[in-house]
Amino acid sequence: MNPVPPVAHVSRRAGSPLNGTIRVPGDKSISHRALMFAGLAIGTTRIAGLLEGEDVLRTAAAMRALGADVTREGSGMWRVSGAGIGGLHSPEDVLDMGNSGTAARLLCGILASHDIFAVMTGDASLRRRPMRRVIDPLAACGALFAARDGGRLPLAVSGAADALPLSYRLPVASAQVKSALLLAGLNARGVTEIEEPEPTRDHSENMLRHFGAAVEVIGQGRGKLIRLRGQPELMASDVMVPGDPSSAAFPIVAALLVPGSSVTIEGVGLNPLRTGLVTTLCEMGADIVILNQRAEGGEPVGDLVVRATTLRGVDVPPERAPAMIDEYPILAVACALAKGQSRLRGLGELRVKESDRLAATLAMLRVNGAQVEVDGDDMIIMGGANRLGGGTVMTHMDHRLAMSALVLGLVADDPVTIDDAAFIDTSFPGFVDLMRGLGAVIGPAGGPVEGLA
């Protein structure tokens, strides 16, 4: 079978302001977790607003293969009848996690504490990403793992027949590792304890409570100690998935940068451990107003009104990284258009994302004329280059890098081309059409671009 050829896209300076009211797809982190926890619960959970991108669909397929009844009932509407904790069974085939590191790492936690055997793989990008940070601590519960060098996929897992509770201090802040350990702890006898040095997104803790688990969170200086009592009886509980703040980041920055723009984004998740980008943009002078704040499914939600602003450079502290780890490529675009120098600190975690996202972001900016350098784990960007754009960005199958480059093209002096747009749908299905609806000029490279005469 011949591989699907890359689909290059190009974006050009918007001829008019971006305007409109939109909703972004459901939060990817919460969507993954909603499917997993519902699959481990007793009874039927209905999920509204589920992100139906490729990554989340891989999680749905995996939970179905493990014994949960997972059914799509309409756009964003899903029904999950869980197998109960300890009730999953070995899948009949290899679990293909596509491009989703979140799905693969969290699923390792579920598999580790169930007496089942499974093999997990993924696409070329995911097979390059390290899994050792998850499988090493999970082995302490009694699970056996066999993987390629460096703990990379394909990965075979023999789960523990009688899983031990875990006690682990995270060497670096990672919501994925924390969540994998909590998922393993669900089917272990006793109390699992996890110490995190810096607070990370707490969707797993929130959802565990939502489904009835006993979770205790104790502050420890800057970090936290999380305690989970194992083998609870999770009970089905409906979930409303808020709009993904990581997806909202792209229309937010586009609206700030395209002169005269005013865009409203409804129903965005505002978990304080996910709003580092909004905090940073406001420090840069951004005109962002939050309206209609409310709580849905244990998560804070609101509507964002974003108006075009002349941004200034910013110095982002390293401790903010966990609250915006996925947003640094699009923040780097904002910094390239800002007045003055910006320094984004503590970005080592970006080296092990879908690509080496630090190096890829650096390359994206440089090929389009921005002045940028890396100092250790810091990125330093000089805003106000004489002329931006004109480059072709190698996306390395990284959806966030692709979307960031297309936003750059909307405000650059010359068009910006990306080598492949196919992977955008892994996290933001319909991104190009949504941006076009606001007035953006984006289309296939080499063909007519919507919005151009």
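Reckoned from all heavy atoms, side chains included, excluding hydrogens, waters and symmetry mates.
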Quiz prompt | Leu281 vs Leu331, side-chain contact (heavy atoms from CB on, under 4.5 Å): CA-CA, chis, key distance, verdict | solution = CA-CA 8 Å; Leu281 292 172; Leu331 175 61; 4.3 Å; yes
Indicate yes or no: does [X] engage [Y] in a salt bridge with an N to O separation below 4.0 Å.
X      : Y      : value
Asp55  : Arg58  : no
Asp326 : Lys28  : no
Lys178 : Glu205 : yes
Asp375 : Arg345 : no

Quiz item: Can you list every side chain to side chain donor-acceptor pair (under 3.5 Å) pair that touches residues 139-163, not counting sequence neighbours?
Solution: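 Counting only pairs at least two positions apart or across chains, the side chain to side chain donor-acceptor pair (under 3.5 Å) contacts touching residues 139-163 are Asp162-Arg189.
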Can you tell me if [X] and [Y] form a side-chain donor-acceptor pair at under 3.5 Å?
X      : Y      : answer
Asn206 : Glu299 : yes
Thr280 : Arg320 : yes
Ser246 : Arg400 : no
Asp420 : Thr395 : no
His203 : Ser29  : no
Asp202 : Asn271 : yes
Arg33  : Ser204 : yes
Thr102 : His32  : no
Arg357 : His396 : no

Please check: side-chain N/O of [X] versus main-chain N/O of [Y], any donor-acceptor pairing under 3.5 Å?
X      : Y      : result
Ser404 : Ile330 : yes
Asp303 : Gly267 : yes
His114 : Gly86  : yes
Asp377 : Leu347 : no
Ser174 : Val177 : yes
Arg64  : Val70  : yes
Thr392 : Ile418 : no
Ser81  : Gly43  : no
Asp378 : Val374 : no
Ser11  : Leu406 : yes

Without placing hydrogens or testing angles, list every side-chain donor-acceptor pair under 3.5 Å for residues 219-232, not counting sequence neighbours.
from	atom 1	to	atom 2	distance (Å)
Arg222	NE	Glu198	OE1	3.0
Arg222	NE	Glu198	OE2	3.4
Arg222	NH2	Glu198	OE1	3.0
Arg227	NE	Glu193	OE2	2.9

Say you draw a straight line from [atom1] of [X] to [atom2] of [Y]; how long is it, rounded to the nearest 0.5 Å?
X      : Y      : atom1 : atom2 : result
Leu181 : Leu106 : CG    : CG    : 10.0 Å
Leu111 : Leu95  : CG    : CG    : 6.5 Å
Met240 : Asp238 : CE    : CG    : 9.5 Å
Leu88  : Leu66  : CG    : CG    : 5.5 Å
Phe423 : Asp123 : CZ    : CG    : 5.5 Å
Met63  : Thr59  : CE    : OG1   : 8.5 Å

Quiz item: Where is the tightest heavy-atom contact between Leu438 and Pro251, given as atom of each residue plus distance?
Solution: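 Result for this residue pair: CD1-CB, 4.5 Å.
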Exercise. Heavy atoms only: give me the nearest Gly39-Val80 pair and the separation to one decimal.
Key: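 Residues Gly39 and Val80, closest heavy atoms: N-CG1, 3.7 Å.
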Non-neighbouring partners of [X] that pass side chain to side chain contact (heavy atoms under 4.5 Å, CB included), sequence neighbours left out:
X      : result
Ala34  : Ile47, Met207, Val239
Thr192 : Pro165, Leu166, Ile194
Met77  : Ala48

Exercise. List for me each residue that meets ring-ring contact (aromatic ring centres under 6.0 Å, His included) alongside Phe428, sequence neighbours excluded, and say none if there are none.
Key: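 Listed in chain order: Phe431.
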Quiz item: Are the side chains of Arg274 and Met324 in touch, meaning some heavy atoms are under 4.5 Å apart?
Solution: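 A side-chain contact under 4.5 Å is absent here.
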